[in-house]
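Single-structure report; data block below.
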Amino acid sequence: MPILEVKDMYKSFGNVHVLKGVSFSVEKGEVISVIGASGNGKTTLLRCLTFLETAEKGEVYVDGNKIFDASSKKKMSDKEIRQSRLRFGLVFQNFNLFPQYTALENVTLAMKLLAKDGLKDFGGDIDEVAKSYLERVGLIDKIDCYPCQLSGGQQQRVAIARALALNPDILFFDEPTSALDPLLTNEVLATLKDLAKENMTMIIVTHEMKFAKEVSSKIIYMDEGSIVECGTPTEIFENPKHPKTREFLAGFIENDANQ
């Protein structure tokens, strides 16, 4: 049974149709890279799956349990939305850390709120649990630093630790390296590769084609709000079937062949 199944998802903003019948599934431990040009629905897909936006059509299942059905006449309560969100972790491209809090406080804030509301048990002292995740992303020596004292790559790794600490079923990454220079990009990509080796289930919207080819279990190529092609890295990068996929990847495939 897939850990995540998305069925026929549609989302519009006014007269602009951003998602047009998106369907796919994810097995536990898979790393799915979502690629495609900007403005083709990749970020909106992640925002719908994490309930930051509401799809007007479609269903979402986690471990076979339906957690969203746009056709349901019963509106989800705030508590139901919060509980469903806990199945997922989302790492934004611009880090979204609180500047007034240290690295440790940024990680523990949501944990303490969830524990206070009785929505999550973290099985120990929250500060110590948070420190273990900061250590996992190589930042145990930065726990008392504020975001302004950290590089962009370090800030993004704090954001990853924050998402991991909530113990989600699936981690979503929305272009996690787009705000970073090449050196810091490698730093964050190395962290994602380590998570992949630990069989963390991840969906990563990325423009880093080399990374996607090396790490992904499957590649999804999106164009104009639809999934045009889905396959293994070998299928997508070495033998793309759809003309739009071939056109999008033409430059990367040519450069890869010349290396």
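As a basis for the values below, the full set of heavy atoms in this structure was taken, side chains included, without hydrogen atoms, waters or symmetry mates.
- Using a 4.5 Å heavy-atom threshold, the side chains of S217 and E27 count as separate.
- Hydrophobic cluster membership is shared by M111 and I160, with clusters built from Ile, Leu, Val, Met, Phe, Trp and Tyr side chains linked at under 4.5 angstrom.
- Here Y146 sits alone; no ILVMFWY side chain lies under 4.5 Å from its own, so it joins no hydrophobic cluster.
- Ring pair F248/Y221 is tilted by interplanar angle, where 30° to 60° counts as tilted.
- In K193, the NZ atom is crowded: over 12 heavy atoms of neighbouring residues, nucleotides or ligands sit closer than 6.0 Å.
- Distance check: L134 CG to R157 CZ gives 10.0 Å after rounding to the nearest 0.5 Å.
- Remark: the T245 side chain and the E229 side chain contain an N/O donor-acceptor pair separated by less than 3.5 Å.
- Salt-bridge formation is not detected for the pair K244/E247: no Lys NZ or Arg NE/NH1/NH2 atom is positioned less than 4.0 Å from an Asp or Glu carboxylate oxygen.
- At least one test fails for K213 against the ring of F211: distance under 6.0 Å to the centre or angle within 45° of the axis.
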Q: Begin with the C-alpha distance, continue with both residues' side-chain angles, and end with the deciding distance and a verdict on side chain to side chain donor-acceptor pair (under 3.5 Å) for S25 and E5.
A: CA-CA 4 Å; S25 63; E5 194 168 6; 5.8 Å; no

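- Between D223 and K20 there is no salt bridge, since no side-chain nitrogen of the basic residue lies less than 4.0 Å from a carboxylate oxygen of the acidic one.
- Side-chain atoms of T43 and D174 include a donor-acceptor pair closer than 3.5 Å.
- Residues Y10 and F24 are members of separate hydrophobic clusters, defined by side-chain heavy-atom contacts under 4.5 angstrom among Ile, Leu, Val, Met, Phe, Trp and Tyr.
- Side-chain N/O atoms of E59 and Y61 include a donor and acceptor closer than 3.5 Å.
- Under the 4.5 Å side-chain contact rule for hydrophobic residues, L189 and V34 do not share a cluster.
- Of the possible polar contacts, none joining the Q149 side chain to the K142 backbone as a donor-acceptor pair under 3.5 Å is found.
- Electrostatic pairing of D194 and R136 does not count as a salt bridge here, judged by no charged N lying under 4.0 Å from a carboxylate O.
- No donor-acceptor distance shorter than 3.5 angstrom exists from the side chain of S72 to the backbone of D69, with no hydrogens or angles considered.
- Partners of K74 according to the salt bridge (charged side-chain N to carboxylate O under 4.0 Å, His left out) rule, which considers only residues two or more places apart in sequence or in another chain, are E80.
- Between M9 and L49 there is a side-chain heavy-atom pair separated by less than 4.5 Å.
- Residue N96 comes nearest to R162 through the heavy atom pair O-NH1, 3.1 Å, listed as atom of the first residue, atom of the second, then distance.
- In the hydrophobic clustering of this structure, V6 does not group with F173; members are Ile, Leu, Val, Met, Phe, Trp, Tyr whose side-chain heavy atoms approach within less than 4.5 Å, directly or through other members.
- Within 6.0 Å of CG on D125 lie more than 12 heavy atoms contributed by other residues, nucleotides or ligands.
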Q) Hey, mind stepping through R87 and D63 against salt bridge (Lys or Arg N to Asp or Glu O under 4.0 Å) and telling me if it holds? A) CA-CA 10 Å; R87 309 299 299 267; D63 284 332; 3.4 Å; yes

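- Of all non-hydrogen atoms in V137 and A161, the two that sit nearest each other are CG2-CB, 4.0 Å.
- Taking every heavy atom of both residues into account, T206 and A212 meet most closely at CG2-CB, 4.2 Å.
- When all heavy atoms of C145 and L150 are compared, the pair lying nearest together is CB-CD2, 3.8 Å.
- I81 and L166 are not part of a single hydrophobic cluster, where members link through side-chain heavy atoms under 4.5 Å apart.
- Checking E56 against S12 by side-chain atom types alone, a donor-acceptor pair falls below 3.5 Å.
- Using a cut-off of 4.0 Å between Lys/Arg side-chain N and Asp/Glu carboxylate O, E135 and K131 are scored as not salt-bridged.
- A pairwise comparison of heavy atoms in V215 and A196 identifies CG1-CB, 3.7 Å as the closest pair.
- In terms of heavy-atom proximity, P233 sits nearest to I219 at CA-CG1, 3.9 Å.
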